[in-house]
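Below: the structure, in structure tokens.
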Amino acid sequence: MQPACGIFDHISAQPPLDPYPLEFQDAYFGIQLHTNFRSCGHGQCRRLLKLKGTPDLLLLIAIDDTESSNPSKSKSKDPQHPFDVTNLEEASNMFKKMLKQRPRPSIVRFTQLLGQVAKLEHYSVAISWYKQITLLGMGLVPDACTLNIIVNCFCRLNQMGGSFSVLALFFKLGLQPDVTTLNILIRGLGQDNRVDEATSLVRKMEAFGEGCKPNVITFGTLIASCKQGQNDRAIQMLRMMEKNDCKPNVVVYSTIIDSLCKDKLVAKAFNLFSEMKSKGIPPNIVTYTSLFQGLCRLGQWKEASRFFEEMNNNGISPNVQTFSALVDCLCKGAS
DNA sequence: TTAGGGTTAG
């Protein structure tokens with residue numbers, strides 16, 4: 001319960017988890033109440049609320065752990081081939097089938113399906129199905145994979161209160177969030193224009209325990225959350241990651257280069273381009289396209305043409321984005 | 001042992 005408390009001093013969540021600091025004891029019920037209870041009025045939800053503060057949930061977890069710790073039992077249950085659902089209807093049919101199946105499929109199997117639904121961008125559906133399978137009546141207890149998917153679904157829906165409720169649930173269930181969990185939250189905060197909080201979270205990540213050290217994706221996400229006009233901040237973050245012994249890669253550099261080009265700071269972008277090459281980080285088609293577009297937008301056709309040639313000489317072939325950028329500039333009459 | 005996170009156009 002302890003590692004995250006300090007972090008919440010700097011992250012504001014929304015009801016029903018106020019006030020801080022969180023004790024986490026209401027987390028499980030909080031998320032149900034937050035997303036389900038108000039609208040559904042089902043008996044199951046009422047029962048859930050009545051159980052608040054009792055050890056029933058823990059008992060249930062203990063029962064589930066006993067079952068899943070028996071390898072012979074769990075192995076025979078589920079063939080582990082991935083689902084091949086291409087649309088929501090197929091996924092929905094599969095979900096209904098799984099609900100009727102006896103013995104009931106494991107949480108792993110349900111998690112696979114939730115992951116597919118989330119990939120299809122049906123985030124609300126994934127959350128709704130998650131709630132169904134974790135209601136006490138079904139007795140399935142989510143694992144860290146399940147929760148990561150749901151944290152991401154809330155983030156994608158721009159419902160950060162829901163995301164942080166699920167983070168609290170990690171602790172409630174004795175699960176360890178990992179760097180990916182936190183990266184998802186950082187992305188969500190950034191999209192919600194809460195870059196200060198995202199930065200604060202990055203600085204405190206290691207307090208979450210082992211496996212939560214910020215990585216190149218953490219910084220890449222944070223840098224990508226800097227909107228136009230925040231290039232200095234993005235570059236500061238680049239330096240911050242280097243100080244943290246985290247080597248920037250082509251994605252990190254390309255993100256900043258693109259942002260500089262969009263702000264017409266093409267010379268600065270080329271400085272970073274030189275910097276990355278001097279560090280042995282080879283630019284890719286994204287890097288080249290951003291710079292090429294930057295030159296085209298300024299109407300620097302000679303330079304653009306020379307740069308296009310350089311790109312080809314370096315074995316990078318233009319793609320549809322490269323040509324679209326060119327066509328767009330020509331149509332808009334940059335000169 | 002299943003899944004989840006960062007970059008380019010219009």
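Each chain gets a letter, A, B and so on, in the order the sequences are listed, and its residues count up from 1.
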For this session: Kindly say whether the aromatic ring centers of A/F323 and A/F292 come within a distance under 6.0 Å.
Result: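 When the ring centroids of A/F323 and A/F292 are compared, they turn out to be at least 6.0 Å apart.
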For this session: Examine A/F270 together with A/F307 and report whether their ring centres are nearer than 6.0 Å.
Result: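 Yes, ring centres under 6.0 Å apart.
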Under 4.0 angstrom, heavy atoms only, what part of the nucleic acid is [X] near: base, sugar-phosphate, or nothing?
| X | value |
| --- | --- |
| A/I285 | base |
| A/I184 | sugar-phosphate |
| A/V252 | base |
| A/V216 | base |

Could you give the [atom1]-to-[atom2] distance, from [X] to [N], as a whole number of Å?
| X | N | atom1 | atom2 | answer |
| --- | --- | --- | --- | --- |
| A/D258 | B/dA9 | CG | P | 6 Å |
| A/M241 | B/dG6 | CE | P | 15 Å |
| A/R109 | B/dT1 | CZ | P | 11 Å |
| A/M237 | B/dG6 | CE | P | 16 Å |
| A/L147 | B/dG5 | CG | C1' | 16 Å |
| A/L120 | B/dA3 | CG | P | 13 Å |
| A/K119 | B/dT2 | NZ | P | 12 Å |
| A/K227 | B/dG6 | NZ | P | 13 Å |

[X] (side chain) and [N] (base): donor-acceptor pair under 3.5 Å:
| X | N | value |
| --- | --- | --- |
| A/T180 | B/dG4 | yes |
| A/T255 | B/dT7 | no |
| A/D143 | B/dT2 | yes |
| A/N249 | B/dG6 | yes |

Between [options], which nucleotide has the shortest distance from any of its atoms to the side chain of [X]?
| X | options | result |
| --- | --- | --- |
| A/R187 | B/dG6, B/dG4, B/dA9 | B/dG6 |
| A/V108 | B/dT8, B/dT2, B/dG6 | B/dT2 |
| A/D328 | B/dT7, B/dA3, B/dG10 | B/dG10 |
| A/I217 | B/dG5, B/dA9, B/dT8 | B/dG5 |
| A/T289 | B/dT2, B/dT8, B/dG6 | B/dT8 |
| A/V179 | B/dT8, B/dT2, B/dG5 | B/dG5 |

For this session: Would you tell me if any nitrogen or oxygen in the side chain of A/N183 comes within less than 4.0 Å of OP1 or OP2 on B/dG4?
Result: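 Checking A/N183 against B/dG4: no side-chain N or O falls below 4.0 Å of OP1 or OP2.
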Exercise. Under 4.0 Å between a side-chain N/O of A/Q293 and OP1 or OP2 of B/dG10, yes or no?
Worked result: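 For A/Q293, the contact criterion (side-chain N or O under 4.0 Å from OP1 or OP2 of B/dG10) is met.
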For this session: Answer yes or no: does atom NZ of A/K247 have more than 12 heavy-atom neighbours from other residues, nucleotides or ligands under 6.0 Å?
Result: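 It does not: A/K247 NZ has 12 such atoms or fewer within range.
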Problem set entry | Worked check of side chain to side chain contact (heavy atoms under 4.5 Å, CB included) between A/S317 and A/I285 | CA-CA 7 Å; A/S317 304; A/I285 183 60; over 6 Å; no
Exercise. Looking only at side chains, do A/D143 and A/T146 share a donor and an acceptor under 3.5 Å apart?
Worked result: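 Yes, a side-chain donor-acceptor pair sits under 3.5 Å.
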Exercise. Among side-chain atoms of A/Y123 and A/N152, is any donor-acceptor pair under 3.5 angstrom?
Worked result: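 No, A/N152 and A/Y123 have no side-chain donor paired with an acceptor closer than 3.5 Å.
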